[in-house]
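Hydrogens, waters and symmetry mates are skipped; everything else that's a heavy atom, side chains included, is used.
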Amino acid sequence: MSRSREDWIDAAWEALGESGIEGVRVERLARRLGVTKGSFYWHFKDRQALVTALLDRWFGLREESRPDFPDRAADPAERIWRVIERGITRGTRGQAAALRLWAQRHPDVARRIAQEDAHRRHFLTEQFRELGFMDGEAEVRAETYMAVISAEFLHSGGARINDRLELARRKHEMLVAPLGSETLRSPVLTSG
């Protein structure tokens with residue numbers, strides 16, 4: 001049976017979510033797909049080329065990367081919310097965390113993630129500015145929001161989607177609220 005480049009990426013994406021980057025081994029993936037290792041090299045130069053394809057998939061899932069995204073929500077707070085909401089509902093199971101861990105040992109991966117994160121940081125900062133926050137505060141809130149997004153799966157990934165969304169929504173409401181608002185005084189939900 002012949003497998004396409006997309007089949008290899010799909011299998012690697014699943015393995016990444018199940019086992020982290022260690023699960024993305026050519027031999028393991030070939031067994032999973034029921035093909036020889038040679039099939040892999042027909043589509044990819046090496047394992048790093050597959051990791052690059054996984055990064056492309058991950059960044060392609062980011063809501064704010066879509067050209068029509070800003071137009072779908074007039075309110076900047078809603079645009080910000082859609083970034084984390086999409087991250088929770090798109091069904092990833094730790095792939096982003098695995099790729100971030102991989103980046104700690106591989107400078108090329110780290111550079112690519114930093115580049116994409118800069119795009120996200122800029123997007124979020126602009127939304128916070130539209131909400132009326134001054135430059136410094138908008139930047140800190142954007143950075144904090146990115147930390148919430150990055151840690152969400154590690155913190156709550158085993159919970160039901162609705163519970164994850166509820167917890168994320170409370171964090172979101174706190175971060176988009178001006179200082180001194182009632183939202184900041186609300187108790188924060190904790191997960192088990």
Side-chain angles (χ1 to χ4, degrees), residues 1-37 39-66 69 81-121 123-124 145-169 171-172 189-192:
M1 173 192 281
S2 175
R3 294 296 187 156
S4 70
R5 175 181 170 84
E6 201 59 33
D7 290 333
W8 279 95
I9 295 169
D10 289 345
W13 187 254
E14 290 301 312
L16 183 66
E18 294 165 4
S19 310
I21 202 70
E22 292 307 312
V24 183
R25 298 262 179 230
V26 176
E27 210 165 289
R28 278 189 197 174
L29 293 172
R31 277 195 306 272
R32 184 180 196 139
L33 291 169
V35 296
T36 66
K37 285 178 15 178
S39 169
F40 174 83
Y41 294 104
W42 179 259
H43 300 291
F44 301 94
K45 178 180 146 197
D46 53 22
R47 183 172 180 236
Q48 186 56 46
L50 178 59
V51 171
T52 299
L54 292 173
L55 288 167
D56 291 343
R57 173 168 285 186
W58 175 33
F59 298 132
L61 293 171
R62 286 187 168 188
E63 188 71 10
E64 72 276 13
S65 298
R66 299 171 185 275
F69 173 66
W81 167 247
R82 287 188 183 181
V83 170
I84 194 167
E85 178 189 40
R86 173 99 168 118
I88 293 169
T89 60
R90 71 177 171 230
T92 57
R93 294 174 324 285
Q95 288 92 341
L99 289 167
R100 286 188 183 283
L101 288 171
W102 178 253
Q104 291 178 2
R105 296 175 297 177
H106 292 83
D108 290 344
V109 175
R111 275 190 291 280
R112 174 79 190 279
I113 290 174
Q115 179 183 33
E116 295 292 335
D117 281 352
H119 174 72
R120 175 170 273 179
R121 186 177 303 103
F123 170 80
L124 291 171
Y145 209 95
M146 288 178 64
V148 168
I149 292 168
S150 294
E152 190 282 328
F153 178 82
L154 295 174
H155 184 255
S156 306
R160 294 177 317 129
I161 295 289
N162 287 343
D163 293 339
R164 290 172 65 190
L165 287 169
E166 182 182 346
L167 181 58
R169 182 56 111 164
K171 292 173 184 176
H172 165 79
L189 226 120
T190 58
S191 67

Take R164 and H155, measure what side-chain contact (heavy atoms from CB on, under 4.5 Å) needs, and give me the verdict at the end. CA-CA 9 Å; R164 290 172 65 190; H155 184 255; over 6 Å; no

Does a side-chain heavy-atom distance below 4.5 Å link E116 with L55? no

Side chains of I21 and V51, heavy atoms from C-beta outward: is any pair under 4.5 Å? yes

Does the side chain of H172 come within less than 4.5 Å of Y145's, by heavy atoms? yes

For A110 and A103 the tightest heavy-atom approach is CB-O, 3.4 Å

Once rounded to the nearest 0.5 Å, what's the spacing between atom CD of E85 and atom CD1 of I88? 8.0 Å

Non-hydrogen side-chain atoms of Q95 and W13 separated by less than 4.5 Å: yes

Flag, side chain of R3 to backbone of S39, donor-acceptor distance under 3.5 Å: no

Pairwise distance CH2(W58) to CZ(R100) - rounded to 0.5 angstrom: 4.0 Å

Can you tell if the side chain of R82 reaches within under 4.5 Å of the side chain of T89, non-hydrogen atoms only? no

Nearest heavy-atom neighbours spanning I84 and A168: CD1-CB, 4.0 Å

Quick check for you: to the nearest 0.5 Å, what is the distance between R28 atom CZ and L33 atom CG? 14.0 Å

Over all atoms of both residues, closest heavy-atom pair of D46 and F40: O-CZ, 3.5 Å

Is a salt bridge present between E166 and R160, judged by a nitrogen-to-oxygen distance below 4.0 Å? no

Taking all non-hydrogen atoms of both residues, which atom of R5 and which atom of A53 are closest, and how far apart? NH2-CB, 4.0 Å

Cation-pi between R169 and W81: NZ/CZ under 6.0 Å from ring centre and within 45° of the ring axis? yes

Under a 4.0 Å threshold between the charged nitrogen and the carboxylate oxygen, would D108 count as salt-bridged to R111? yes

Charged N to carboxylate O below 4.0 Å: is that the case for R62 and D117? yes

Rounded to the nearest 0.5 Å, what separation is found between the CD atom of Q48 and the CH2 atom of W102? 6.5 Å

Nearest-0.5 Å distance that lies between atom NE2 in H119 and atom CG in L124: 9.5 Å

Over all heavy atoms of both residues, which pair between R86 and L61 is shortest? Give the atoms and the distance, please. NE-O, 3.7 Å

Could R57 and D10 be called an ion pair, given the rule that one side-chain N must be under 4.0 Å from one carboxylate O? yes

Measure the shortest side-chain to side-chain distance between I149 and E152 over non-hydrogen atoms and say whether it is less than 4.5 angstrom. no

Which distance, rounded to the nearest 0.5 Å, do you find between the CD1 of I9 and the CZ of F44? 4.0 Å

How about D7 and H43: do any of their side-chain heavy atoms sit closer than 4.5 Å? no

Of all the heavy-atom pairs spanning V24 and L29, show the shortest one and how long it is. CG1-CD1, 4.1 Å

May I ask you to test the V83-F123 pair for a side-chain heavy-atom distance under 4.5 Å? yes

